[in-house]
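Each remark here refers to the structure printed beneath this line.
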Amino acid sequence: MGAVLYVDRTGIPWRSLPHDFAPWETGHGYCAAWQKDGVFDQLNGLLRRLVREAAGRDAEPSACVLDTQSIKTSANVPATGQGFDAGKKIAGRKCHIGVDTLGLLLAVWVTAAGVPDNADGIHLLSRIAKAHPRITKAWADSGYRTKASTTAPPSASTSKSPAATLARRASRPSPGAGSSSRHSAGS
């Protein structure tokens, strides 16, 4: 675990791991196995619940915030893994992120920069809805078509959770939602 934390904190390649640690292949092997088994997701969930309870909140969030950021990539990144965000004039990748109201991570989705915000916002919100069924509100930057503070209760015949309702609503176009303005709704 020490090797995993060291590589994460310093950003060094596994092969450059100092000799104080086990051979890099051992550390990398454990890291890959833990990632495949979902250990890091479980740790993130446990820590998020502990922080929320320490802050006097319910362990599970009832609201989330979605945003996206286009990031330039280096020339070494394969062209298939990047795109062009015409609105920001950036060639690279796009990071879609969902957090709770304390700013604690719920979900991340990385795509090519040319992918529309709405399509990946729906995917991100669906992932959040599946993992956090208590979420009934979602705020998003205006590129997403989820619109701020969507709070209507789910229909008993069409939904299993309030968050699933939000995900379905996000998949429908809403009038006046454009992808060119980049302010945060609900701020």
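- Residues W14 and V4 meet the side-chain proximity criterion, which asks for heavy atoms closer than 4.5 Å.
- Counting only distance, with no hydrogens or angles, the side chain of T10 and the backbone of Y6 share a donor-acceptor pair below 3.5 Å.
- Heavy-atom neighbours of Q35 CD from other residues, nucleotides or ligands within 6.0 Å: at or below the threshold of 12.
- Taking hydrophobic clusters as Ile, Leu, Val, Met, Phe, Trp and Tyr residues chained together by side-chain heavy-atom distances below 4.5 Å, L104 does not share a cluster with I97.
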>> As a quick check of understanding, evaluate side-chain contact (heavy atoms from CB on, under 4.5 Å) for I128 and I135, giving each step before the final call.
In response: CA-CA 8 Å; I128 292 171; I135 291 181; 3.4 Å; yes
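- Inter-residue side-chain proximity for D100 and C64 is flagged as unmet; no heavy-atom pair is nearer than 4.5 Å.
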> Should M1 and L5 be marked as a side-chain contact (heavy atoms from CB on, under 4.5 Å) after you check the CA-CA gap, both sets of side-chain angles, and the distance that decides it?
Replying inline: CA-CA 6 Å; M1 188 61 175; L5 293 173; 4.3 Å; yes
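- Evaluation of the salt bridge (Lys or Arg N to Asp or Glu O under 4.0 Å) rule for D58 yields R134 as partners, not counting sequence neighbours.
- Classified by interplanar angle (parallel below 30°, tilted 30° to 60°, perpendicular above 60°), the ring pair H28/W24 is perpendicular.
- Clustering ILVMFWY residues whenever any of their side-chain heavy atoms sit less than 4.5 angstrom apart, transitively, puts V99 in a cluster other than the one holding L50.
- With contacts defined as side-chain heavy-atom distances shorter than 4.5 Å, the pair V7/C31 does not qualify.
- Among residues at least two apart or in separate chains, there is no ring-ring contact (aromatic ring centres under 6.0 Å, His included) pair with a member in residues 51-80.
- Looking at heavy atoms from C-beta onward, R93 lies out of side-chain contact with Q69 at the 4.5 angstrom threshold.
- Residues G83 and A112 approach most closely at N-CB, 3.7 Å, considering heavy atoms.
- A side chain to side chain contact (heavy atoms under 4.5 Å, CB included) with H96 holds for exactly one of T111, V108, L125, D67; it is T111.
- In plain terms, the two heavy atoms of A59 and E53 that are nearest each other are CB-OE2, 3.3 Å.
- Here the closest heavy-atom approach between residue W139 and residue A63 is recorded as CZ3-CB, 3.3 Å.
- With S126 contributing its side chain and I122 its backbone, the two residues share a donor-acceptor pair below 3.5 Å.
- Shown here are the ring pair (Phe, Tyr, Trp, His ring centres under 6.0 Å) partners of F40, two or more places apart in sequence or in another chain: there are none.
- For the atom pair L47 CG and R52 CZ, the distance stands at 14.0 Å (nearest 0.5 Å).
- Pairing each heavy atom of L102 with each of A55, the nearest pair is CD1-CB, 4.1 Å.
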>> Run the side-chain contact (heavy atoms from CB on, under 4.5 Å) test on L106 and R48 for me, step by step, so that the C-alpha distance in whole Å, both residues' side-chain angles and the decisive distance to 0.1 Å come before the verdict.
In response: CA-CA 9 Å; L106 297 173; R48 182 182 52 251; 3.7 Å; yes
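- Looking at I71 and K94, their side chains never come closer than 4.5 Å, going by heavy atoms from C-beta outward.
- Between G98 and L124 the shortest heavy-atom distance is N-CD2, 3.8 Å.
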